[in-house]
Every structure is written in structure tokens, then in C-alpha cells.
J.: 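Quick one: this structure, given as C-alpha cells, is what I'll be asking you about.
Just so we're clear, the structure is a prediction, and the values are computed from it rather than from any experiment. Protein chains get the first letters and strands the later ones, always in sequence-line order, with residue 1 at the start of each.
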Amino acid sequence: MPAPAAVLHTLLTAYGPQHWWPARTRFEVMIGAVLTQNTAWTNVEQAMAQLRAAVPLTASDLLALPPDRLEQLIRPSGYFRLKTRRLRSLCQWFVAAGEFSALDRLPTTELRPKLLAVHGVGHETADSILLYAFERPVMVVDAYTRRIFSRLGEVSPRIAYEPLREWLEAQLGEERRVARYNELHALLVRHAVVSCRARPRCESCVLRQNCATAKTA
DNA sequence: AACCAGGAGACAT
DNA sequence: ATGTCTCATGGT
């Protein structure tokens with residue numbers, strides 16, 4: 001069994017289904033993907049709670065907010081000036097593109113470049129949106145993914161984003177791709193954030209000692 | 001009380 | 001093409 005498929009099986013057995021993405025609507029997935037850039041999810045939750053309390057979470061309602069007001073609302077998630085610009089550029093694109101009703105009709109090969117062209121949307125943010133908001137079969141690669149598979153000896157720790165994503169997708173096969181990519185990414189985060197952080201010395205790690213947290217292997 | 005978090009872009013080499 | 005710096009708050 002290829003390593004990524006074995007890791008998926010091991011983590012799924014250990015932790016169970018994760019039911020990702022943790023958001024209430026497809027649009028919230030997009031907002032959350034920007035807010036969580038290099039930021040702990042607990043901080044994002046605080047920002048999302050303030051946003052929900054202030055306005056309906058739609059692109060046009062967010063664009064109607066004065067930027068300095070939006071800054072204050074998302075402040076708990078950090079980088080609040082930066083992320084305000086990024087949220088606004090994402091919302092402007094989303095509205096101009098006709099929102100989900102129009103974008104759902106596009107093939108992934110057209111949708112992905114359009115997302116990547118939005119200022120502030122990089123590889124991981126684009127792919128998170130594609131997988132979790134559009135349910136497209138695109139594997140999400142994050143720092144944990146690279147760390148874990150390199151510590152398992154499967155890839156170089158310096159492997160770039162695209163080669164790693166393509167390798168993972170090839171290894172994971174052609175069946176139930178959206179569900180499997182969804183579950184694997186969620187489980188990798190769950191493993192690193194909950195299990196590795198709770199047990200920094202990796203007692204009874206389901207994968208392998210030092211697979212995710214330690215800075216130096 | 002340093003250290004880090006579910007990155008991305010600008011800029012230099 | 002590949003490195004380094006900046007951006008900011010909250011939890012450990």
C-alpha cells in the first residue's frame with residue numbers, strides 16, 4: 001500500500017472521520033481559508049465569531065463594510081491589515097465572477113488559475129477552497145503534510161508545493177478522490193495539532209516518532 | 001517569556 | 001529558480 005494511502009488508513013482508524021472544513025457555509029470556507037494563513041484556528045474562530053455577529057457572511061456584505069471596520073472585526077486572527085486587503089480582493093473577484101452559481105460550472109483546470117490570480121490567494125489557500133468549498137479533487141498541501149511525509153522518509157523536506165501535491169494525488173489513486181483528499185488533509189492537521197502537540201515526546205504515536213512537531217529531526 | 005500557528009508576496013540573489 | 005523578510009494576534 002502506497003505510503004499516503006497507508007497514512008490515511010492509520011489516521012482514520014486512530015482518530016475517526018474529521019468532518020472538515022469547520023465552517024457553516026461554502027462562503028465561510030473561503031473566508032476561513034484566508035484568515036487561517038499561518039495562524040492558529042482558535043484565533044480564526046474568534047474573528048469569524050465577530051464577523052458573524054456584525055454582518056451576514058456574504059461577499060457583498062463584507063465589501064459593504066468600511067475597511068477599517070473589517071480590520072477591527074478580524075483583528076484576533078492576526079495580520080489584520082493584510083488579511084483585510086486579501087479578503088476584499090477575494091470578495092471582489094467572487095462577486096465579479098458570478099459567485100457559486102457561475103463558478104460551479106467551470107472545470108477545475110479553469111477555476112484553479114482564476115483563484116491563484118487573486119491577490120493574497122496562494123497554492124494552499126486556493127486548493128483549500130477548491131477541495132472544501134467547491135468539492136473538486138485537489139489535494140491540499142500544508143506545512144504538516146510536508147513535514148510528516150518527509151519525516152516518514154517519503155519525500156525531501158525541500159520538495160516544492162506542486163510536486164508534492166502531484167505525488168500525493170498520484171499515490172492516492174482515482175477512487176473517491178474528494179472524500180479521500182478531504183479526510184487525509186483533515187487528519188494530518190488533527191494528528192499534528194491535537195496529538196503531537198499534546199504529546200511532544202511522541203509516546204504512542206500512531207505514525208512515527210517525531211513525525212510532525214519537532215523543528216529538527 | 002520565547003516560540004509558534006492549517007502562508008503569501010515583495011524583494012534580493 | 002531559490003532564499004529572506006514582513007505581516008500580528010493569541011495560546012503554551
Side-chain angles (χ1 to χ4, degrees), chain A residues 4 7-8 11 15 18-23 28-51 67-68 70-93 112-133 138-151 155-165 168 181-202 207 210-217:
Chain A
V7 167
L8 172 58
L11 295 179
Y15 306 130
Q18 299 300 300
H19 310 296
W20 264 35
W21 181 286
E28 278 195 21
V29 173
M30 302 204 299
I31 299 309
V34 171
L35 293 181
T36 197
Q37 289 170 355
N38 199 39
T39 300
W41 186 254
T42 54
N43 290 24
V44 178
E45 284 184 314
Q46 298 179 42
M48 291 288 303
Q50 299 207 61
L51 280 178
D68 59 313
L70 183 54
E71 283 185 356
Q72 296 312 310
L73 289 171
I74 67 166
R75 194 163 179 159
S77 73
Y79 307 120
F80 58 91
R81 297 186 192 86
L82 196 55
K83 286 175 178 175
T84 291
R85 284 180 250 133
R86 292 180 181 180
L87 285 179
R88 290 180 56 82
S89 59
L90 181 60
C91 288
Q92 282 167 359
W93 165 78
R112 189 165 192 267
K114 286 179 185 292
L115 275 167
L116 287 170
V118 177
H119 184 86
V121 176
H123 295 107
E124 186 187 339
T125 304
D127 292 345
S128 297
I129 292 172
L130 287 168
L131 180 59
Y132 292 103
V138 179
M139 183 62 197
V140 177
V141 174
D142 67 351
Y144 298 136
T145 311
R146 183 176 291 98
R147 230 181 274 170
I148 289 172
F149 283 102
S150 70
R151 297 260 169 84
V155 300
S156 159
R158 312 183 129 208
I159 187 172
Y161 187 97
E162 286 297 330
L164 179 51
R165 181 178 64 81
L168 285 167
Y181 298 170
N182 178 321
E183 203 58 71
L184 178 57
H185 176 63
L187 284 164
L188 289 169
V189 174
R190 152 73 226 248
H191 177 70
V193 171
V194 181
S195 300
C196 298
R197 211 170 279 170
R199 297 189 294 279
R201 304 189 57 190
C202 301
L207 286 181
N210 255 357
C211 66
T213 50
K215 287 203 104 166
T216 55

J.: Which part of the nucleic acid, if any, lies within contact of A:A47, taking any heavy atom under 4.0 Å across all strands shown: a base, the sugar-phosphate backbone alone, or nothing?
T.: nothing

J.: Could I get the full list of side-chain hydrogen bond (donor to acceptor under 3.5 Å, both in side chains) partners for A:S150, not counting sequence neighbours?
T.: none

J.: The criterion is side-chain hydrogen bond (donor to acceptor under 3.5 Å, both in side chains); which residues satisfy it with A:H191, sequence neighbours excluded?
T.: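 Per chain and number, A:H191 pairs via side-chain hydrogen bond (donor to acceptor under 3.5 Å, both in side chains) with A:Y15.
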
J.: Kindly state each residue pair satisfying side-chain hydrogen bond (donor to acceptor under 3.5 Å, both in side chains) with at least one member in residues 115-124 of chain A, sequence neighbours excluded.
T.: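 Every pair satisfying side-chain hydrogen bond (donor to acceptor under 3.5 Å, both in side chains) with a residue in residues 115-124 of chain A: there are none.
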
J.: Measure the distance from CZ on A:R86 to C1' on B:dG6 and round it to the nearest whole Å.
T.: 15 Å

J.: Under 3.5 Å, which N/O atoms of the protein pair with N/O atoms of nucleotides 1-6 of chain C?
T.:
| from | atom 1 | to | atom 2 | distance (Å) |
| --- | --- | --- | --- | --- |
| C:dG3 | OP1 | A:R158 | NH1 | 3.2 |

J.: Could I get the full list of side chain to side chain contact (heavy atoms under 4.5 Å, CB included) partners for A:R86, not counting sequence neighbours?
T.: A:V34, A:Q37, A:L82

J.: With sequence neighbours excluded, what pairs up with A:W21 under the ring pair (Phe, Tyr, Trp, His ring centres under 6.0 Å) test?
T.: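 A:W41, A:Y132.
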
J.: Using the side-chain hydrogen bond (donor to acceptor under 3.5 Å, both in side chains) criterion, which residues pair with A:N182? Sequence neighbours excluded.
T.: none

J.: Any N/O pairs under 3.5 Å between the protein and nucleotides 10-12 of chain C? List them or say none.
T.:
| from | atom 1 | to | atom 2 | distance (Å) |
| --- | --- | --- | --- | --- |
| C:dG10 | O4' | A:N43 | OD1 | 3.2 |
| C:dG10 | O4' | A:N43 | ND2 | 2.9 |
| C:dG11 | OP1 | A:Q46 | NE2 | 3.3 |

J.: Can you pull the salt bridge (Lys or Arg N to Asp or Glu O under 4.0 Å) pairs that have at least one residue in residues 71-84 of chain A, sequence neighbours excluded?
T.: none

J.: Touch check for A:T145, heavy atoms < 4.0 angstrom, all strands: base, sugar-phosphate only, or nothing?
T.: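 Nothing, no heavy atom under 4.0 Å.
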
